Protein chains: 2
Amino acid sequence: MPPTIYDIAREAKVGIGTVSRVLNNHPSVSEDTRARVLRVASRLNYRPHPYARGLASSRTNAILAVIPFFTTFFFHEIFQGVQARLRHLDWDIILYGVNHPDQVEASLRHNVLRNRVDGVLFFSMKMPERFAEQYLDQKTPIVLVDAYHKNFDSLTVDNLQGGYAATRHLLSLGHKRVGMLSANIESLPARDRLSGFKQALAEAGIPVDPSLIKSSASPKPDGFAHESGHAMMRQFLDMGSRKPTALVVSSDIQAVGALAALKEAGLRCPDDIALVGFDDIELAQHLGLTTIHQPMYEMGVLAAEILSERLHNPSQEITHKLFVPKLIVRETCGSEVSKRPATVEKHTA
Amino acid sequence: MPPTIYDIAREAKVGIGTVSRVLNNHPSVSEDTRARVLRVASRLNYRPHPYARGLASSRTNAILAVIPFFTTFFFHEIFQGVQARLRHLDWDIILYGVNHPDQVEASLRHNVLRNRVDGVLFFSMKMPERFAEQYLDQKTPIVLVDAYHKNFDSLTVDNLQGGYAATRHLLSLGHKRVGMLSANIESLPARDRLSGFKQALAEAGIPVDPSLIKSSASPKPDGFAHESGHAMMRQFLDMGSRKPTALVVSSDIQAVGALAALKEAGLRCPDDIALVGFDDIELAQHLGLTTIHQPMYEMGVLAAEILSERLHNPSQEITHKLFVPKLIVRETCGSEVSKRPATVEKHTA
DNA sequence: ATGACAGATGGAAGGGCTTCCACAAATTTA
DNA sequence: TAAATTTGTGGAAGCCCTTCCATCTGTCAT
C-alpha cells in the first residue's frame, strides 16, 4: 500500500492536519515541523492521492481538451504549447477527441457537469449554442481556441487579415487575375478569409470577378479538405484562358489537393498558377508552399495561461485575444513574376 | 450542488446501498426498485462523481497515454482507434506528451505510482529499463504500442517484413541497383527494416553493395526526419552514375525530404530514382508515395482491447502481437519499368 | 409449524484527503 | 503580572462513493 498522510503523521510525530498544511504550503507551519514532515514524506516516497484530494477539495487538477479529430493537422502544435505551459503546474490533460460535431455537446455535458475537470480547452469547433446558454450558471471555465463565442474567453486568429495579406502578396507580385479557392462559406474562418481577399482587391481597385471565386459546398470538415481543393482546382482549370493566374486557397490542406490537380494537368505551380495557402501546417514547409502562418504553439501556451488565470480568478472579465497571422513566403508564388511589377509598385509609390 | 446518491435515495425511498447497486448493475435488486431508482436518477440528472467513485473503489476509469511529441505524424490514427474503442467503456484518456526521452520515466512514475490511472498505453518509445525492473511489483497494466519489452503486452509492426516487401516490390519492377536510405540504426525499427531489405536482396541473389546503404547518424528522432532524408538523398545523388535506380526509405517523412532533394536536383521521381517509403502517413497519400502501410487505427483499437482485457484479468499471460504491414502502390515507383520484368518473371515461373 | 435458505435492502465503515474549529503555547501589550 | 493576541498544532467532520455485514421478508422443504 502506498503511504498516506497518516503514515507521515505518525512517523513525523505530528497530526494529519499539519501534514496536509505542509504539503499544501500553508503558511502557518513552523520551519522545523515543515522540514521534518517533508523529510519523512520524501523518505516514504509519498504521493498524494489525486482523487482523495479532488474529492475533499473539489479541485481536480485536470483539464479537458476537446479537439476535433476530423481535421487532423492543426492540433499538434497547439497542444504542445498547452502542455508545455501546463506541465509544471502539475495538471493532467484529459483528451477528448471528437469525430463528429454532434459529439461536442455530449462531451461537454459528460465531463463538465460531472466536475471531473477544473477547466476546458475547446478547440476549433462551434460551441453549441444550447450548451452555451445552459452553461451560464456553471463555474467551470472554458477557453475557446480557434473558436469564438461571446460568453467565453477565446483565442482566435485574424482570418480577415490573413486573407488580406495573402491577397496583397499575390497582387504585389503583379498578378491581376487573382482568384480565391475557398472552403465552405458556412464556416466563419472561411468567410473571414474571403472577406480579407475581397478587401485587398477593393483597395487595389480591382473589381471582384465572381467567376474567380469558388467555394466548397461540402459540409464535412466544411470543405477544408484535400479533395475539395482538388475538385475546385479542376474547375478553375476548366476555365481555360480565363482561369486565374494566382489563387488564394483557404487552407493548406486544400492547397495540397490543388497542387495535385495542377500536376495531373501537366501544369506547374508558380508558373501557370501561383498559390498561397493558409495555416502553415508542417506539410506546407515540405512542399514549399507559400502560406499564412498561424502562431499555433504560442496560442497553445496562451490558452493554458488564460485558463489558469481564470481558474484563479473566475470573475475576471472575458477576454478575446486576436492573433495576427504572418505571411510565409516559399516557392509556390515564384518570384520572377514579382520582379517586374514589384519594382513598378516601388516606382509608383 | 449536483445531486448525490443520498438525494436519489431520499426521493426514491430506498437506501444508498440500493442506489449504488442499481447504478452499478448489481444483480440483487428487484426490478421495481431498479426502475424507480433509475427514474429518479434520470429526473435529477444525476452523474456519479468520478473521484468519489475512484476513491471508494480504487478504480479510476482513466488510462494514461504516453506519446512522443517529437514524432508528430504517427499518432492521430492510432489514437482515434484507441478512443473509438475506449469511449463506450466510459474511460477517460489522460494524455501525456513527451518531448524528450528523458521525460518518459518521470511521467510513468508520476502517474502510475500515484494510482491515478488504471492502465497505461505507451507509444513508440523505449521503455526505460530501470522502470521496467522496478515495475515488476506494480499492478497497473501497461501496454506497449509500436514498442517492445518482454515484460509487457505489446503491439508491434513486423518491420523486417515491411522492409522485405518494399525491397521485393522494387526488385519485381526490374530494379537492379536498389539502395536503402535508412534512419539511425540505433533504432530497432530502422535496423529491422534494413534487415528486411538485405534479406530480399539475398533471396534475389543480389550481393549487398555497401555504397548503396546509407543511414542517418542523427540521434534526435533517430534520423526519422525530413532533413535526414534530404541530406542522404543528396549523398546518393553525388554518386553520379553509380547512384541507385531505386531506394527503400525507412520512413515517409524521410522520403518527403528525399523527394525535395530530387526535385531540387531537377530529377524526377519514378524516372530517375524510384522510392518506397514506410509508415503511410496521411501525407504519403497526398504525395502519391508508394509506401508500407502500418495498420495504425487497428493497432489503436487492439491496444485498447488488450489493455481492457488485462484490466479485467491481470494475471493472464503477456501477449506480443505482431502486425504485418502492407505495401501500398502509388506513383513513386512508376509502373513502366515494371511491365517488362514482371512478365519476364511470369515466363520464368 | 419450524427451520433453512435465497432474495432484497439499509446503512455503517472506509477510501485519503482538506478544512475548520478548538486549544495549547509563546509572545505581546497594558 | 494579568490579559490579549498570535502562532502552531491536533484531529473531527465531511467530500461522495463502494462494499460489506446485518437484517428482514418471503419460499420451500420438512
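Values below: all heavy atoms of this structure, side chains included; hydrogens, waters and symmetry mates excluded. In what follows, chains carry the letters A, B, and so on, assigned in the order in which the sequence lines appear, proteins first and then strands, with residues in each chain numbered from 1. What you are looking at is a predicted structure, and each value in this text was computed from that prediction instead of being measured.
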[N], OP1 or OP2 - any side-chain N/O from [X] closer than 4.0 Å?
X     : N      : result
B:R59 : D:dT19 : yes
B:T18 : C:dG10 : yes
B:Y6  : C:dA12 : no

Hey, which of these two, B:A56 or B:G15, hits DNA chain C nearer its 5' end, going by closest nucleotide?
B:G15
Whole-Å distance separating the [atom1] atom of [X] from the [atom2] atom of [N]:
X     : N      : atom1 : atom2 : value
B:Y51 : C:dT18 : OH    : P     : 14 Å
B:H49 : D:dG14 : NE2   : C1'   : 13 Å
A:L55 : C:dC17 : CG    : C1'   : 8 Å
B:I5  : D:dC15 : CD1   : P     : 12 Å
A:Y46 : C:dC17 : OH    : P     : 3 Å
A:I8  : D:dG10 : CD1   : P     : 14 Å
A:N61 : C:dT18 : CG    : P     : 10 Å

Sub-4.0 Å heavy-atom contacts from residues 19-37 of chain A onto DNA chain C, ordered by number
A:S20, A:R21, A:N24
Kindly state each residue pair satisfying salt bridge (charged side-chain N to carboxylate O under 4.0 Å, His left out) with at least one member in residues 32-43 of chain A, sequence neighbours excluded.
A:E11-A:R43, A:E31-A:R34
Euclidean distance, B:T4 OG1 relative to B:L44 CG, rounded to 0.5 Å:
9.5 Å
In Å, rounded to the nearest 0.5 Å, how long is the span from CD1 of A:I318 to NZ of A:K150?
9.0 Å
Select one nucleotide: of D:dG10, C:dG15, D:dG11, the one nearest the side-chain heavy atoms of A:I16.
D:dG11
Please find the pair of heavy atoms, one from B:V145 and one from B:I78, that lie closest to each other, and give the distance.
CG1-CD1, 4.2 Å
Which label fits B:F79 and B:F123: parallel for a plane angle under 30°, tilted from 30 to 60°, or perpendicular past 60°?
tilted
Would you say the side chain of A:V143 lies within less than 4.5 Å of the side chain of A:K321, judging by non-hydrogen atoms?
no
Return yes if a side-chain donor-acceptor contact under 3.5 Å exists between A:S315 and A:N313, otherwise no.
yes
